[in-house]
Amino acid sequence: MEQHQHILLLLNCLDLEDQEQAKRYQLDEQHSLKSLKSEGLAIHPIRASRKSFGYAEYPEIGFRIGFPMEVSNFRDGMAIECFCQGEESVKGILLSFDGRQGEFRLFAPDFPDWIEDDGVGIKLTPDIRTSTLMRKALNEISLDKRIDTLFSQIHSDSSHFGHTHHPINQQLSFLNEGLNDSQKAAVSGVLGDQAVSIIHGPPGTGKTTTLIEAIVQLVKKGEKVVVSAPSNTAVDNLAKGLIDKRINFLRVGNNTKVDAEIFPFTPEGKLIESKQDKEIKKIRIRADEMRKMANQYKRRFGKDEREQRNLLIKEVKSLRQQIKQIQKYNEEKLFDEAKVILGTPIGLMDEQTKKTEFNTLIIDEAGQCLEPLAWCIFPLAEKIILAGDHLQLPPTVLSDKAMQLGFNKSILECSFGKFEDVYLLNTQYRMRSSIAQFSNNYFYEGLLQTPENLIAIGEHIVFYDTAGTGYEEEQGPDGSSLSNKGEIELAQKIVELENLTLQKTAFISPYSGQVSLAKELFQKEMRTSTIDSFQGQEKETIIISLVRSNGENTIGFLKDYRRMNVAMTRAKERLIIIGDSSTLANDPYFDSLMNYLEEIGAYKTAWEIMY
C-alpha cells in the first residue's frame, strides 16, 4: 500500500474509533444514565469528599461511592465527564480509583458550584486529546524527512526474518551481573547506532530487567534518554528500577497519584521543600482567600456585588497564572538536569518535552501501542528501541470496522520483520517448564529455555474437560457477555479440594460476564480478572475458565490465540484450565493444546472432581 494511502487508512480508523467511543459513552435519549451504569460506563451518584487545586492549578475532587457498582472500566488516566442533572458537564481525567473511592481532575478554572449537590456522577468520555494528537502526528509525517523515511521502511514490502545473534560486547561492564547471555546481547546491541532496535521479550524473560540495564548503560555513555509505554503501570515499573540504580530521572504526565516511591521524581515531588514551593504556598493562600470572598457573592445578584465578585475572580486567575509561571520555570530546569525522562506517549506530549533533545527513545509494551500513538513520540529521538511481545494481546480497539482494517496492529507488530536488529530474550524465569512448553512450541518456535530449577517435576498443569456435564455457556441479559455457571462451580470445587491459597491464586476468563459471576462467589479473597486485564501480571496458581460450550462449536474471540498465550503464561507453579473439549477441539489451536495435555498426562474430566 502506498504511504499516503496508509496514512489515510489510519486517519479513517481514528474517525471510526472516535465515532464508536462517542456512541458508546453518550448520555442521551438512546443511552440513559441507567444503561450507562449497567454497562459500567458511568458511576452515579458520587459524594465529594475532598476539594483541592492540583499541581497545574486544575481543581481536583476526591470522591466516594456508597454501594457496589460495575466499575471495572474505570482505570487511572481515563477521560471522564463530571455531570449533574440540569447542569453543564465538565471534562476531566480520572486520577485514581480503587472501587469505592477515587480522585479526578477537572479541566476548568474552578470547581463547579454544584459539585457537592446530590445527583453528581462521572462517566467515561471519548479521549479527544489523544485522538487529536495522533491525527496531528500522522499529518506531519511527511514534514520530517527522517520520520517519513522510517514510515516508508515500516510499511515497505521488504522483510527480515529471525532474530539477530550479535556477540556480547566484551568491553562492556554490566552493572547487573545476573544478566543472561541473551539479555547482555540485547543491551550490547541497543548501545549501537542503528535507527531502530527491537527487544523481543516473551513472558517471564526479564524484559524490564534488560531495559533497566540498557538505560543505565545509555546514560553512562552520555546519552539523554526518553522512556515511554502505553500504560502508566509499565512506566512506573521502569521508574522503580531506575531508583535502585540512582539515575537522575523525571517522571512526567499523570503523576498526582503515582506510587509514593516515585512521587519524589515527578515535577511536583521535586518542587516540594524548594524555594519556589514556599513562594507558591504564599500565593495559594492569597488565592484561596480571594476565592472565598468571591464565593460569598455567588447567590447575590446586585450590580455592585457582581462587579466585586468579578474583580476577585480576576485576581484569583492572575495569582494562579503566577503559580503556573513559577512551575513552568522549575520544569525547564528539571528537564535540563534529568538524564532520563519517563511518561506515557500522551504524558510526554508537553511543550517542554518537544524542546528537549534526546538521543534515544525506548518504548516498552510496544506490542500494546497503537501505531499512530508511536508516531507522536518517534520524532523525539534519533534512535528508537521497541520492546515487547507481538505474540501477546494487541492494543484495545472499540470499533469493529477499525479492527477489520487492522487498526489494532501495534507498532511492534508493524515493525517486526522490517529491521535487522531484533534481539530475543530466550530464557523464561516465571513458569515451570511444563506450563511454558506449549506456548514455547506454538508461538516461539521452541527457542525459549527454562532454567534447571524450574524444570517440571510433578503435576504443574491440568485440563479439566467439562464435555458431557451439561455445563453450557449462557448469554447475559440484553446480549451482554457470556458466562458458564458450571465452570465456576467446578473452579470452586477445585479450590476447596486442593486447598489453594486464595491470595496466591487468580481466576481469569476471556469473558467479563464470567468474571462478574466469579467476583460474586470469591469476593475480594481471590483475584478475578479478564485475561486482557491480567496481561503483564502473574500468580502462583492460575485458574482459566474458557466458558465456550455449545452445539455449534463456536469459540468467538478465543480465535485470537494470542489471548490464550497471555492466559497460559501467567502461572508460576500451577495452571488449571477448565473447558469443553467437544466445543474447543474442532479448532486447530485447541486441538494441538488437547494433544499436548494428553501427551504429558495433564488431561482430566470434570467428573473426577464433581462426582
Side-chain angles (χ1 to χ4, degrees), residues 40 70 72-73 75 201-204 230-231 233-234 365 367-368 388-398 403 408 410 413 428 430-431 435-436 438-440 442-444 461-464 466 473 476 480-485 487-488 490-491 494-495 504-522 526-549 554-580 583-584 587 589-590 592-594 597:
E70 175 50 59
S72 59
N73 291 316
R75 296 185 291 277
S231 74
T233 302
E365 283 191 350
Q368 286 265 298
D389 184 9
H390 59 297
L391 299 173
Q392 294 187 66
L393 282 167
T396 301
V397 171
L398 295 177
M403 199 179 299
N408 67 335
S410 71
E413 192 175 355
Q428 71 83 18
R430 174 183 293 162
M431 301 157 269
I435 297 174
F438 181 76
S439 285
N440 182 22
Y442 195 92
F443 293 99
Y444 304 109
I461 180 171
V462 62
F463 175 80
Y464 284 103
T466 65
E473 66 190 59
S480 57
S481 183
L482 294 170
S483 62
N484 188 318
K485 291 179 183 176
E487 289 193 6
I488 290 180
L490 183 60
I494 291 167
V495 168
K504 295 182 178 180
T505 304
F507 176 97
I508 63 176
S509 175
Y511 293 95
S512 59
Q514 187 76 334
V515 171
S516 296
L517 280 181
K519 279 183 177 174
E520 290 177 20
L521 177 66
F522 297 115
M526 185 168 80
R527 175 72 194 279
T528 55
S529 171
T530 60
I531 294 170
D532 296 44
S533 297
F534 207 71
Q535 179 159 306
Q537 301 177 60
E538 61 183 37
K539 281 282 186 181
E540 291 288 318
T541 302
I542 294 288
I543 301 173
I544 306 173
S545 172
L546 296 176
V547 175
R548 300 313 299 252
S549 178
T554 304
I555 65 169
F557 65 24
L558 286 182
K559 275 282 187 186
D560 189 341
Y561 306 142
R562 292 174 295 184
R563 184 167 279 104
M564 280 302 294
N565 187 29
V566 170
M568 291 186 63
T569 54
R570 302 302 101 200
K572 296 196 286 185
E573 283 291 325
R574 186 129 168 85
L575 176 63
I576 300 164
I577 308 169
I578 302 172
D580 179 358
T583 298
L584 299 168
D587 176 87
Y589 170 86
F590 286 98
S592 298
L593 176 59
M594 299 300 162
L597 293 165

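Note that the numbering runs from 1 along the sequence shown for the chain.
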For this session: Determine, step by step, whether Leu584 and Leu546 satisfy the side-chain contact (heavy atoms from CB on, under 4.5 Å) criterion, reporting the C-alpha distance in whole Å, the side-chain angles of both residues, the deciding distance to 0.1 Å, and the verdict.
Result: CA-CA 9 Å; Leu584 299 168; Leu546 296 176; 3.6 Å; yes

Exercise. Do Thr569 side-chain atoms and Val566 backbone N/O form a donor-acceptor pair below 3.5 Å?
Worked result: yes

Exercise. Who are the side-chain contact (heavy atoms from CB on, under 4.5 Å) partners of Lys572, not counting sequence neighbours?
Worked result: Arg430, Glu538, Glu540

Exercise. At their closest point, which heavy atom of Tyr444 faces which heavy atom of Pro203, and how far apart are they?
Worked result: OH-CD, 3.4 Å

Problem set entry | Any donor-acceptor pair under 3.5 Å from Gln537 side chain to Ser533 backbone | yes

Exercise. Of the non-hydrogen atoms in Val515 and Thr530, which two are nearest, and what is the gap between them?
Worked result: CG2-N, 3.6 Å

Exercise. When the aromatic ring centroids of Tyr511 and Phe557 are compared, is their separation below 6.0 Å?
Worked result: yes

For this session: In plain terms, say whether Asp532 and Arg563 are close enough for a salt bridge, that is, a side-chain N and a carboxylate O under 4.0 Å apart.
Result: yes

Seminar exercise, completed: Heavy-atom closest pair (Ser549 atom, Asn484 atom, distance to 0.1 Å) is CB-ND2, 4.1 Å

Exercise. Between the side chains of Glu573 and Thr541, is a donor N or O closer than 3.5 angstrom to an acceptor N or O?
Worked result: no

For this session: Classify the side-chain pair Ser509/Gln514 by whether it contains a donor and acceptor separated by less than 3.5 Å.
Result: no

Exercise. Stepwise, does the side-chain hydrogen bond (donor to acceptor under 3.5 Å, both in side chains) test hold for Asp580 with Thr466?
Worked result: CA-CA 5 Å; Asp580 179 358; Thr466 65; 4.7 Å; no

For this session: Test Lys539 against Thr505 for side-chain contact (heavy atoms from CB on, under 4.5 Å), laying out the working first.
Result: CA-CA 6 Å; Lys539 281 282 186 181; Thr505 304; over 6 Å; no

Exercise. Ignoring hydrogens and geometry, is there a side-chain-to-backbone donor-acceptor pair from Glu487 to Leu490 under 3.5 Å?
Worked result: no

Exercise. About how many Å separate CD1 of Ile531 and CE of Met568, when rounded to the nearest 0.5 Å?
Worked result: 10.5 Å

Problem set entry | Leu393 and Gln368: CA distance, side-chain angles, deciding distance, side-chain contact (heavy atoms from CB on, under 4.5 Å) verdict | CA-CA 7 Å; Leu393 282 167; Gln368 286 265 298; 3.9 Å; yes

For this session: Identify the heavy atoms of Ala518 and Thr528 that sit nearest to each other, and give their distance.
Result: CB-CG2, 3.9 Å

Problem set entry | Any donor-acceptor N/O pair, Glu473 side chain to Ser483 backbone, under 3.5 Å | no

Exercise. Can you pull the ring pair (Phe, Tyr, Trp, His ring centres under 6.0 Å) pairs that have at least one residue in residues 560-579, sequence neighbours excluded?
Worked result: Tyr561-Tyr589

